[in-house]
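Down below is the structure, laid out as structure tokens.
Just so it is clear, the model here is predicted, and its values are computed rather than measured. Note on naming: letters A, B, ... go to the chains in the order of the sequence lines (proteins, then strands), and numbering restarts at 1 for each one.
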There are 2 protein chains.
Amino acid sequence: MSLITTRSRYGLRLLIELADRAGSAPIDLGSVARNQDIPELYLSKLAATLKAAGVLRSERGAKGGYRLARRPEDISILSVVEALEGRSSLLECTDDPAICARSGECRTLPVWSGLDKAINDYLRGVSLADAAVAVIDYSI
Amino acid sequence: MSLITTRSRYGLRLLIELADRAGSAPIDLGSVARNQDIPELYLSKLAATLKAAGVLRSERGAKGGYRLARRPEDISILSVVEALEGRSSLLECTDDPAICARSGECRTLPVWSGLDKAINDYLRGVSLADAAVAVIDYSI
DNA sequence: CTTTAGTAGACTATTTTGGTCTATTAAGGA
DNA sequence: TCCTTAATAGACCAAAATAGTCTACTAAAG
């Protein structure tokens, strides 16, 4: 398995660091890759994907880099995961009925659709701002 | 991806058919494989896994087969998915802190732990009896 | 003692994951 | 105008997971 692969995990770490270091200048991926111990060439592909999804903006050339396209409160983790994992839902047949050609009435579909909804509801409800909170106090 | 692979999908279809056809005699996998259009040898491996997990009981030899080990109301979909996908949680680092050796305080972990909980809560709350309801009326 | 059906485990093809490599384009600064 | 920095594009690749298959064996019914 994984619903959440290194793509989402690395991607979220990138976004949190961009949120932390947000300012007037864009942030180059090389520094993020070093700080986060993520292969830079791999990270650059993830950043390009997030840019295509409208989550990041970039500036090329010397002193260039990436910055968040929106405020952290306005970036849902769902949009990040969907962009990086490249799929709209848990099961293909949830979207595309043609895949489950055989049985007209699929009795397992409601279970998986419900799971899909539970996952999406959770991820939609968490923003980058929530994730980027410096310290989470578990003792409360 | 998938959190839910053919293992869980085929497995749930097997369990629903076993629930439907429950009676005095055990049900042979061959008939289920034909009805559900699932490769029999593959299905037999899934059934063996579900037996090892305590979800199914079996009888060998002619007229043998499988039956549910418990009532459908007492079989959670979570136990089925966990048995067949063979993992206890979404992320290894949720269970095993040794994997995330680098950063002492991981800021992405709360997000993924929350997702893991959302998934497990949902799957724990759905039983085979819920899944095996003959017709689900979506029009309500 | 033959047939049916579960059991055990090695084996395999395909896809996905997690990258790498090379080359190019754009912008800043000397 | 070069030189350097850094994003962009896309082919490439190794390892792991997925989705099976194959063979041989064991147990029970008739």
[X] side-chain N/O to [N] phosphate OP1/OP2 under 4.0 Å:
X        : N       : answer
Thr5(A)  : dG18(C) : yes
Tyr10(A) : dG19(C) : yes
Arg60(B) : dT7(C)  : no
Ser58(A) : dT8(D)  : yes
Thr6(B)  : dA19(D) : yes
Tyr66(B) : dT7(C)  : yes

Do the side chains of Ile38(B) and Leu46(B) get nearer than 4.5 Å, heavy atoms only? no
Per atom distances to the Asp28(A) side chain, the nearest of dT20(C), dA6(D), dA19(D) is dA6(D)
Note: Arg21(B) and Ser31(B) closest approach over all heavy atoms is NH1-OG, 3.2 Å
Note: Pro26(A) and Gly65(A) closest approach over all heavy atoms is CB-C, 3.7 Å
Quick one, Asp130(A) with Ser127(A), criterion side chain to side chain donor-acceptor pair (under 3.5 Å). Give me CA distance, side-chain angles, the key distance, then yes/no. CA-CA 5 Å; Asp130(A) 298 324; Ser127(A) 73; 3.2 Å; yes
For Ile27(B) and for Leu41(A), find the nucleotide of DNA chain C with the closest heavy atom, then tell me which residue's nucleotide is more 5'. Ile27(B)
5' precedence on DNA chain C between Gly61(A) and Glu40(A) (nearest-nucleotide basis): Glu40(A)
Kindly indicate whether the side chain of Lys45(A) and the base of dG19(C) share any N or O donor-acceptor pair separated by less than 3.5 Å? yes
5'-most contact on DNA chain D: Ala48(A) or Ala62(A), nearest heavy atom basis? Ala62(A)
Starting from C1' on dT3(C), measure out to NZ on Lys63(B) and report it in whole angstrom. 11 Å
Looking across every strand, which nucleic acid part, if any, lies under 4.0 Å from Gly65(A) by heavy atom: base, sugar-phosphate, or nothing? sugar-phosphate
